[in-house]
Amino acid sequence: MNTTFKIYNHLYKKYGPQGWWPLIDCSSQENGYHPNDYSFPKNTQQIFEVCLGSILTQNTTFTSVTKSLQNLYHENALDSQKIRDLPIKKFKILIKPSGYFNQKAEYILNFIDFFHTLKNRIPLRSELLDLRGIGPETADSILLFAYNQAEFKVDAYTNRLFSHYGLIDKNAKYDEIKNFIETQIKEEIQDKQTLVHVYQEFHALIVAHSKKFYSKKPYGVGCFLVDIQNHL
DNA sequence: AACCAGGACGTGA
DNA sequence: TCACGTCATGGT
C-alpha cells in the first residue's frame with residue numbers, strides 16, 4: 001500500500017466518513033452533511049447548490065458560505081433562475097458574508113448562463129476553467145461534488161499536509177499535486193464509483209484533519225500521521 | 001492586532 | 001513563467 005493511501009486509511013479510521021458536500025435542505029442531517037450516503041446531489045437544484053457553494057467558498061470558511069446560502073434559501077432564491085431574477089444589488093447583499101461579494105456575484109451570474117446551456121449534461125473540466133472566476137480547485141470541486149466525477153480536489157491544506165511529509169515539493173503546482181494523489185489512489189482503487197467516493201472523503205478528511213494541525217504555524221505539530229513515516 | 005479561511009485574476013518584471 | 005497586489009467578510 002502506498003503512502004498516500006495509508007494516509008487516507010488513517011484519516012478515515014480516525015474521523016470516519018465526512019458526508020460532503022453539505023446541503024442546506026439535506027433532510028438527512030441537521031448540518032447538511034450526509035455521512036455514508038453517496039446519493040447526493042439528488043436533483044438539478046442540489047447540483048447547482050454545490051456549484052454555488054464551490055464558488056462562494058473560495059478563500060473563505062464554509063460557515064460563512066452557509067450564511068450566504070441560508071440567506072438565499074430564506075429568500076426562496078437558492079435556485080439558478082431565481083438568482084437571475086434577483087436585483088444584483090440584493091444578490092450581493094445576500095452573499096455578503098462569504099466575502100468578495102462583488103467578484104463572486106459576477107462569477108456566479110456568469111456561471112449560471114453556462115449552467116443553463118448544459119441542460120443536464122456534465123461539464124468538461126476545460127469548459128469550467130474557461131469561465132471567469134473558476135480556477136482548477138473550483139472546477140474540481142464542482143466536478144467531484146456536484147457531478148460525482150473522479151477529479152481530485154486539491155486545496156491549500158492538501159499542499160501543506162503532503163509537502164510536510166515530503167511527498168510533494170513545497171511549491172508544487174496544482175496539477176502536479178492532483179496527478180500525484182490521483183495516481184496513488186488509483187493504484188489501490190479500481191472501481192470507478194468507489195474511486196469517486198474515496199476522492200470525496202479524502203479531500204474532506206484532509207480538511208477536517210488540517211483544521212486541527214495545519215492551520216497555524218508551525219504546521220504539523222501533533223499530527224499523528226508522522227507514525228506512517230516511521231513505518232517506511 | 002495580525003493572520004488565515006475548503007482561490008482566482010491582473011499586472012509587471 | 002512567477003511573484004505580488006487585489007478582492008472583503010468573519011473568526012481567532
Side-chain angles (χ1 to χ4, degrees), chain A residues 7-8 11 15 17-24 31-35 40-41 49-72 88-111 114 125-147 151-164 169-178 181 198-221:
Chain A
I7 291 175
Y8 169 72
L11 293 178
Y15 301 104
Q18 299 298 296
W20 279 33
W21 189 278
L23 292 154
I24 294 296
N31 55 12
Y33 293 86
H34 41 88
F40 292 92
E49 183 182 331
V50 177
C51 297
L52 186 57
S54 295
I55 295 172
L56 286 176
T57 198
Q58 291 171 0
N59 206 33
T60 16
T61 59
F62 202 81
T63 55
S64 297
V65 174
T66 301
K67 288 179 189 169
S68 299
L69 295 177
Q70 287 285 358
N71 287 345
L72 289 165
I88 182 143
K89 194 171 179 181
K90 174 146 193 182
F91 180 51
K92 287 181 177 178
I93 291 173
L94 294 175
I95 66 170
K96 197 171 182 181
S98 304
Y100 309 113
F101 53 87
N102 288 308
Q103 291 184 347
K104 285 176 179 176
E106 290 193 14
Y107 294 165
I108 289 164
L109 289 171
N110 184 55
F111 174 81
F114 169 73
R125 190 168 190 269
S126 57
E127 293 177 314
L128 292 170
L129 291 177
D130 284 340
L131 299 175
R132 281 187 297 118
I134 299 192
E137 183 177 341
T138 306
D140 287 333
S141 182
I142 288 171
L143 290 169
L144 181 58
F145 292 105
Y147 291 96
E151 301 282 351
F152 189 75
K153 174 183 176 181
V154 176
D155 69 339
Y157 285 141
T158 311
N159 197 336
R160 279 181 207 167
L161 179 62
F162 277 72
S163 62
H164 184 257
D169 192 85
K170 185 167 52 185
N171 36 18
K173 298 166 77 175
Y174 185 94
D175 288 334
E176 297 178 43
I177 306 170
K178 173 183 164 80
I181 295 178
V198 169
Y199 281 180
Q200 291 177 339
E201 292 294 356
F202 197 18
H203 173 71
L205 287 165
I206 288 170
V207 172
H209 181 68
S210 300
K211 277 178 177 171
K212 294 173 178 281
F213 302 110
Y214 295 87
S215 299
K216 50 178 184 282
K217 294 179 180 179
Y219 298 140
V221 177

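In what follows, chains carry the letters A, B, and so on, assigned in the order in which the sequence lines appear, proteins first and then strands, with residues in each chain numbered from 1. These numbers come from a predicted model, not from an experiment.
Between S54(A) and dG6(B), a side-chain N or O to OP1/OP2 separation shorter than 4.0 Å is absent. For the pair K211(A) and dG6(B), the criterion of a side-chain N or O lying under 4.0 Å from OP1 or OP2 is met. At dC7(C), none of the side-chain N or O atoms of N59(A) fall inside 4.0 Å of OP1 or OP2 (strictly under the cut-off).
Using the six-membered ring where Trp is involved, F202(A) and Y8(A) have ring planes that are perpendicular, over 60° apart on the 30 and 60° scheme.
Across the protein-nucleic acid pair, I177(A) atom CD1 and dG6(B) atom C1' stand 15 Å apart, rounded to whole Å. Note: OH (Y199(A)) to P (dG6(B)) measures 23 Å, nearest angstrom. With rounding to whole Å, L128(A) atom CG is found 17 Å from dG7(B) atom P. Residue D169(A) contributes atom CG, which lies 15 Å from atom C1' of dC2(C) at whole-angstrom precision. One can place CG of L56(A) at 15 Å from C1' of dG10(C), the figure rounded to the nearest angstrom. L129(A) places its CG atom 11 Å from the C1' atom of dA8(B), with the value rounded to the nearest Å. Rounded to an integer number of Å, the gap from NZ of K212(A) to C1' of dC4(B) is 18 Å. Residue H203(A) contributes atom NE2, which lies 8 Å from atom P of dG7(B) at whole-angstrom precision.
Taking CG from L11(A) and OG from S210(A), the interatomic distance works out to 8.0 Å, rounded to the nearest 0.5 Å. In this structure, K104(A) NZ and F91(A) CZ are separated by 11.0 Å, a value rounded to the nearest 0.5 Å.
Counting any heavy atom pair closer than 4.0 Å across all strands shown, G99(A) reaches a base atom. Among the atoms of the strands shown, none is found under 4.0 Å from any heavy atom of F111(A). Residue-level contact check: I206(A) touches neither bases nor backbone, having no heavy atom under 4.0 Å from any strand. Counting any heavy atom pair closer than 4.0 Å across all strands shown, L205(A) reaches no nucleic acid atom. Within the nucleic acid shown, Q103(A) comes within 4.0 Å of at least one base atom, counting heavy atoms only.
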Pairs under 3.5 angstrom only: tabulate donor-acceptor contacts from the side chains of residues 125-133 of chain A to other protein residues two or more places apart or in another chain.
unit_1	atom_1	unit_2	atom_2	d
R125(A)	NE	D140(A)	OD1	2.7
R125(A)	NH2	D140(A)	OD2	3.0
E127(A)	OE1	R121(A)	NH1	3.2
E127(A)	OE1	L124(A)	N	2.8
E127(A)	OE2	R121(A)	NH2	3.1

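For K217(A), the listed nucleotide lying nearest its side chain is dC4(B); candidates were dC9(B), dG6(B), dC4(B). Here the side chain of K67(A) is nearest to one of dG10(C), dT9(C), dC2(C), namely dG10(C). Nearest nucleotide to the side chain of E137(A), out of dG7(B), dG10(C), dC2(C): dG7(B). Nearest to the side-chain atoms of R160(A) among the listed nucleotides dG7(B), dG6(B), dC4(B) stands dC4(B). When the nucleotides dC2(C), dA8(C), dA5(B) are ranked by their closest atom to the side chain of Y100(A), dA8(C) comes out on top. Distance from the side chain of T61(A) is smallest for dG6(B) among the nucleotides dC9(B), dG6(B), dG7(B).
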Between the protein and nucleotides 10-13 of chain B, list the N/O to N/O atom pairs that are separated by less than 3.5 angstrom.
none

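Taking 4.5 Å as the limit, every side-chain heavy atom of Q200(A) sits out of range of all side-chain heavy atoms of W20(A).
The base of dG6(B) has none of its N or O atoms less than 3.5 Å from a complementary donor or acceptor on the side chain of Y214(A).
Scanning for salt bridge (charged side-chain N to carboxylate O under 4.0 Å, His left out) contacts around E176(A) gives an empty result, with sequence neighbours left out.
Centre separation under 5.5 Å together with a plane angle under 30° does not hold for the ring of F101(A) and the six-membered base ring of dA8(C), so they are not marked as stacked.
Atom NZ of K96(A) sits in a sparse spot, with 12 or fewer heavy atoms from other residues, nucleotides or ligands closer than 6.0 Å.
Side-chain contact check for S68(A) and N71(A): no donor-acceptor pair (N or O, by modelled atom type) lies under 3.5 Å.
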